[in-house]
Amino acid sequence: MPELPEVEHTRRNLVRWMKGARITHMTATDARIAKPSPRALVTRLTGRVVSAIDRKGKWLRFVLDDGARVFCHLGMTGWFEPGGAEPLRFERASFDLVKKQKRSRVSYVDSRRWGRMELAQEDIPSWTRLGPDPLSDGIDLELLATKLARRKKSSIKEALMDQTVLAGVGNIQAIEALWKAKIDPRSRAGAMTVKDIRTIAKGIDWTIARTIADWAKGDEGEDNPFLVYGRKGTPCPRCKTLLRRAELGGRTTTWCTGCQALKR
DNA sequence: ATTATTGTTGGTAG
DNA sequence: TCTACCAACAATAA
């Protein structure tokens, strides 16, 4: 469940479930996910207390009481949930916890196995490489303008999804933000004016806040909560033009040809 | 059976 | 050194 808002929602859950708790027992079953190996992860974490859980972009960082760190990415299909007695379907790791004599269990589930749980002593490149996080750092317009100006060929949507430009904006959030900003996702990144960039930043803030609020409601309402993403062929909520879909940089993109201006 | 999917990485070319 | 492009990764749901 992996863009900034979902990962932030996950982080808030994990803080409630795990912060200050001691890991009394854990499992890790998949060598593709647990690095450097499931065994190394289990050995190093068992008996430790979780002192902090941070997020940057789509990455999570667990800090343990002895300084060890675990960097976690949910990939495309990873999530955490309270675990029961029986292992869940596609469970790849689990934590037995104790905090003030209360015991609990948290599971990591990931059908597609693109997620990561990487043990390290220091911050890893995947983490340090990330650009500013729109939610926790805010969007620096000057810096964003500089980075976009360097993109001579790529579209504004692809540039926004580059994790070194802004950390945490993925396909859905980029689509929603550009719709809000009334900018065609195919527009060249380098063609954005200062005003465009300000509008895009507002669009990003808007969609992130909106999606986090949706998650906080906890509806788990299975229907699409987004205004534009996945709504090809339906009327634009703003101008009623039928939404169009195309591929951009290998990712499905939906937008409105009626009210999103193309700038080349 | 076919198609689409919320993401990152590593290789290659320029 | 930086940008741009693409295949690979894997498993499910419609």
Side-chain angles (χ1 to χ4, degrees), chain A residues 1-11 29-36 55-61 71-80 88-92 108-118 124-131 133-135 143 146-179 185-192 204 207-208 210-212 214-215 219-233 245-255:
Chain A
M1 304 263 150
E3 282 187 46
L4 190 156
E6 294 91 322
V7 180
E8 174 61 15
H9 180 70
T10 299
R11 188 191 69 81
T29 54
D30 195 305
R32 184 178 294 285
I33 292 169
K35 302 288 180 181
R55 181 192 59 75
K56 200 196 302 186
K58 306 169 194 172
W59 283 88
L60 291 164
R61 179 179 67 187
F71 293 85
C72 177
H73 196 289
L74 304 177
M76 200 85 107
T77 53
W79 75 87
F80 286 90
L88 300 160
R89 192 182 183 206
F90 303 125
E91 179 176 290
R92 311 296 183 190
Y108 175 69
V109 178
D110 186 350
S111 65
R112 215 162 153 182
R113 298 160 67 210
W114 284 358
R116 280 290 136 74
M117 296 191 64
E118 185 170 343
I124 62 174
S126 297
W127 174 275
T128 53
R129 249 199 328 255
L130 296 171
D133 183 276
L135 186 66
L143 180 60
T146 306
K147 286 181 168 178
L148 293 180
R150 283 201 293 250
R151 306 301 173 117
K152 297 301 178 198
K153 299 196 71 174
S154 71
S155 66
I156 181 61
K157 173 165 178 269
E158 289 169 278
L160 291 178
M161 289 173 62
D162 181 333
Q163 301 299 294
T164 67
V165 171
L166 286 174
V169 177
N171 199 34
I172 295 179
Q173 299 299 316
I175 288 171
E176 298 286 302
L178 288 169
W179 176 82
R186 300 169 300 170
S187 301
R188 272 193 307 111
M192 297 296 105
I204 291 170
T207 181
I208 287 174
R210 193 172 168 276
T211 311
I212 289 179
D214 261 9
W215 277 96
D219 292 349
E220 310 294 323
E222 286 318 310
D223 50 342
N224 178 359
F226 300 104
L227 298 185
V228 178
Y229 169 79
R231 297 199 185 279
K232 179 198 72 163
R245 178 182 128 152
E247 190 145 302
L248 203 52
R251 307 301 298 276
T252 295
T253 304
T254 314
W255 79 101

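Residue numbering restarts at 1 for every chain, and letters A, B, ... go by the order of the sequence lines. Please read these numbers as outputs of a predicted model, since none were measured by experiment.
Atom CD1 of A/Ile175 and atom P of B/dT6 are 7 Å apart (whole Å). Summarising the geometry, the separation between CG on A/Leu130 and P on B/dG7 is reported as 14 Å, rounded to the nearest angstrom. Note: CG (A/Asn224) to C1' (B/dA4) measures 14 Å, nearest angstrom. The NZ-C1' distance, from A/Lys232 to C/dA14, rounds to 14 Å in whole Å. Rounded to an integer number of Å, the gap from CH2 of A/Trp127 to P of B/dT9 is 14 Å. Spacing between atom CE of A/Met161 and atom C1' of B/dT8 amounts to 11 Å, rounded to whole angstrom units. Rounded to whole Å, atom P of C/dA4 lies 13 Å from atom CG of A/Leu160. Distance A/Leu74 CG to B/dG7 P: 11 Å, rounded to the nearest Å.
Among the heavy atoms of the strands lying under 4.0 Å from A/Gln163 are primed sugar atoms or P, OP1, OP2 only; no base atom is included. Within 4.0 Å of A/Arg251, counting heavy atoms only, lies at least one base atom of the nucleic acid.
The side chain of A/Met76 lies closest to B/dT6, out of B/dT6, C/dC5, C/dT3. Here the side chain of A/Lys152 is nearest to one of B/dA4, C/dA4, C/dC2, namely C/dA4. For A/Pro2, the listed nucleotide lying nearest its side chain is B/dG7; candidates were C/dT12, B/dG7, B/dA4. Residue A/Tyr229 has its side chain nearest to B/dT6 when only C/dT12, B/dA4, B/dT6 are considered. Nearest to the side chain of A/Trp59, among B/dT6, C/dA4, B/dT9, sits B/dT9.
Interatomic distance, CD of A/Glu3 versus OG1 of A/Thr211, reported as 8.0 Å (0.5 Å rounding). Distance check, rounded to the nearest 0.5 Å: OG1 of A/Thr207 to CD1 of A/Ile175 gives 10.0 Å. For the atom pair A/Leu60 CG and A/Trp127 CH2, the distance stands at 7.5 Å (nearest 0.5 Å).
A sub-4.0 Å separation between OP1 or OP2 of B/dG7 and a side-chain N or O of A/Arg113 is absent. Between A/Arg129 and B/dT9 there is a side-chain polar atom (N or O) within less than 4.0 angstrom of OP1 or OP2. For A/Ser154, a side-chain nitrogen or oxygen approaches OP1 or OP2 of C/dA4 to under 4.0 Å. Considering only side-chain N and O atoms, A/His73 lies nowhere under 4.0 angstrom from the phosphate OP1 or OP2 of B/dG7. Not one side-chain nitrogen or oxygen of A/Thr77 sits closer than 4.0 Å to the OP1 or OP2 atom of B/dT5. OP1 or OP2 of C/dT3 sits under 4.0 Å from a side-chain N or O of A/Arg150. Contact annotation: A/Lys58 does not reach the phosphate of B/dT6 (side-chain N/O to OP1 or OP2, under 4.0 Å). Remark: A/Arg116 is not in phosphate contact with B/dT8, judged by side-chain N or O atoms under 4.0 Å from OP1 or OP2.
In this structure, A/Trp114 packs face-to-face on the six-membered ring of C/dC9, meeting both the 5.5 Å centre cutoff and the 30° plane limit.
Residues satisfying the side chain to side chain contact (heavy atoms under 4.5 Å, CB included) test with A/Asp133, not counting sequence neighbours, are A/Leu4, A/Arg55, A/Lys56, A/Leu135, A/Ser136, A/Asp137. Residues meeting the side chain to side chain contact (heavy atoms under 4.5 Å, CB included) test with A/Ser187, sequence neighbours left out: A/Ile156, A/Ile183, A/Asp184, A/Met192, A/Leu262, A/Lys263.
By the 4.0 Å N-to-carboxylate-O rule, A/Asp162 lies close enough to A/Arg151 to be salt-bridged with it.
Partner assigned to B/dT6 is none, using Watson-Crick or G-U wobble distances below 3.5 angstrom.
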